[in-house]
Engineer: 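Sharing a structure with you now.
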Amino acid sequence: MSIFYVPTFRHTGKSRFRSGSLGMVLLASLAGCSLDNPLGRSLGWFDYLDAADIRGSCAGRIGERYRAIYNAVWGEQVRSYDVSAAPDNTPARLAARVFFPENLNEINLRDPLELYRGQTGTVALTPADMAEFRAALRASDFEAPAPQGLILPSTGFYWVVAACRDGVFHYNAYAYPSGRFTAVRFDRWLFEHDPTGVAVASPGQAADNGPHAYFEMTVGINGLVGVGSPF
């Protein structure tokens, strides 16, 4: 994994954080690694992208939990979907969030972090909805092994999908342009059930809003390689 900011700054993230100052650790604690603020998102994004929270709580878990993230150029649009289904009669649920763009001229002085929370929404899912979602994952070859060595650049378009189903964790990724990306079918289901109302950025059609932070992630056996803080 590497991260650098256009045009010249580059360093590997994980090893730098391990040798970093106590101040960074304190900042992470204060931010709570929440996606609701820019510092917390910077500190926790790679773990979130790797679904570390889902992976860490998967063993022995009954039910289903999924996370699908659509990166449509970092800084332009990133969409996150969490789907959960309990084994009882509790309705399944989809929670969606869309980040970016973040125009500093639109900051609400009464709630400065509002801009960074993105557009969010939740919706209840029926058993039929869940059956369609599972079928869409199967049709997208989600059950296949993750493409080891695949590079996921922040300035590109890609999907990462994680699942914990009855105690078994699985991870996969799809990068544009590729046949695997074109063959994805779960995207339509997610977009049709998306409650945010934000239009989807199509592959290759990102707006030109200037340079953005650039970082690369590499897909491993069942997740991302070398996940750590970007500091």
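As a basis for the values below, the full set of heavy atoms in this structure was taken, side chains included, without hydrogen atoms, waters or symmetry mates.
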Engineer: Give a yes or no on whether the backbone of Asp129 and the side-chain of Trp189 come within a donor-acceptor separation of less than 3.5 Å.
Structural biologist: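 Yes, the answer is positive, given that a donor and an acceptor are paired below the 3.5 Å cut-off.
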
Engineer: Identify every side-chain donor-acceptor pair in residues 178-186 under 3.5 Å, counting partners at least two apart or on other chains, and give the distances.
Structural biologist:
residue : atom : partner : partner atom : Å
Ser178  : OG   : Ala175  : O            : 2.6
Ser178  : OG   : Phe181  : N            : 3.0
Arg180  : NH1  : Ala173  : O            : 2.5
Arg180  : NH2  : Asn172  : OD1          : 3.1
Thr182  : OG1  : Ser178  : O            : 3.1
Arg185  : NH1  : Thr182  : O            : 3.2
Arg185  : NH1  : Ala183  : O            : 3.1

Engineer: Looking at Arg67 and Tyr48, would you say the former's side chain and the latter's main chain have a donor-acceptor pair under 3.5 Å?
Structural biologist: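 Yes, Arg67 side chain to Tyr48 backbone: donor-acceptor pair under 3.5 Å.
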
Engineer: Check each of Thr196, Leu190, Val198 against Asp194 using the side-chain contact (heavy atoms from CB on, under 4.5 Å) test, and report the only one that passes.
Structural biologist: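 Going through Thr196, Leu190, Val198 one by one, the side-chain contact (heavy atoms from CB on, under 4.5 Å) with Asp194 is satisfied by Thr196 alone.
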
Engineer: Aromatic rings Trp45 and Phe99: how do their planes relate, parallel, tilted or perpendicular, breaks at 30° and 60°?
Structural biologist: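 Ring orientation of Trp45 relative to Phe99: perpendicular.
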
Engineer: So, the side chain of Tyr70 versus the backbone of Ala201: is there a donor-acceptor pair under 3.5 Å, distance only?
Structural biologist: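 Between the backbone of Ala201 and the side chain of Tyr70 there is a qualifying donor-acceptor contact (under 3.5 Å).
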
Engineer: Measure up the Phe215 and Trp74 rings against each other and bin them: parallel (under 30°), tilted (30 to 60°), perpendicular (over 60°).
Structural biologist: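 Because their plane-to-plane angle is over 60°, the rings of Phe215 and Trp74 count as perpendicular.
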
Engineer: Could you check if a side-chain atom of Asn222 sits within less than 4.5 angstrom of a side-chain atom of Phe169, using non-hydrogen atoms only?
Structural biologist: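 Yes - at least one pair of side-chain heavy atoms lies under 4.5 Å apart.
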
Engineer: Given salt bridge (Lys or Arg N to Asp or Glu O under 4.0 Å), test Arg165 with Glu143 step by step and report yes or no.
Structural biologist: CA-CA 12 Å; Arg165 294 171 293 191; Glu143 310 297 337; 3.0 Å; yes

Engineer: Rounded to the nearest 0.5 Å, what's the gap from CG on Leu49 to CG on Asn71? Could you check?
Structural biologist: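 These two atoms lie 7.5 Å from each other.
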
Engineer: Do Tyr66 and Tyr81 have side chains that get closer than 4.5 Å, going by heavy atoms?
Structural biologist: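 The answer is no, as the side chains (C-beta and beyond) never meet within the 4.5 Å cut-off.
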
Engineer: Is Asp82 salt-bridged to Arg97, going by a charged N under 4.0 Å from an acidic O?
Structural biologist: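 Judged by the 4.0 Å cut-off on N to carboxylate O distance, Asp82 and Arg97 do not form a salt bridge.
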
Engineer: Taking Asp47 first and then Arg55, would you say they form a salt bridge - that is, a charged N and a carboxylate O separated by under 4.0 Å?
Structural biologist: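 A salt bridge is absent here (no side-chain N lies under 4.0 Å from a carboxylate O).
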
Engineer: Using side-chain contact (heavy atoms from CB on, under 4.5 Å) as the criterion, point out the one residue from Tyr158, Phe157, Phe142 that pairs with Tyr174.
Structural biologist: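 Exactly one candidate clears the test, Phe142.
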
Engineer: Say whether, by atom type as modelled, one donor and one acceptor occur between the side chain of His170 and the main chain of Ala146 under 3.5 angstrom.
Structural biologist: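 Not a single qualifying donor-acceptor pair exists.
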
Engineer: Do the side chains of Arg79 and Ile69 get nearer than 4.5 Å, heavy atoms only?
Structural biologist: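 The answer is no, as the side chains (C-beta and beyond) never meet within the 4.5 Å cut-off.
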
Engineer: Sequence neighbours excluded, which residues qualify as side-chain contact (heavy atoms from CB on, under 4.5 Å) partners of Ile221?
Structural biologist: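 Partners of Ile221 by the side-chain contact (heavy atoms from CB on, under 4.5 Å) criterion, ordered by chain and then number, come out as Gln148.
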
Engineer: At what distance, to the nearest 0.5 angstrom, does CZ of Arg65 lie from CG of Asp53?
Structural biologist: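 Arg65 atom CZ to Asp53 atom CG measures 4.5 Å (nearest 0.5 Å).
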
Engineer: Answer yes or no: is there an ion pair linking Glu132 with Arg138, defined by an N-O contact shorter than 4.0 Å?
Structural biologist: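 So Glu132 does not pair with Arg138 through a salt bridge.
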
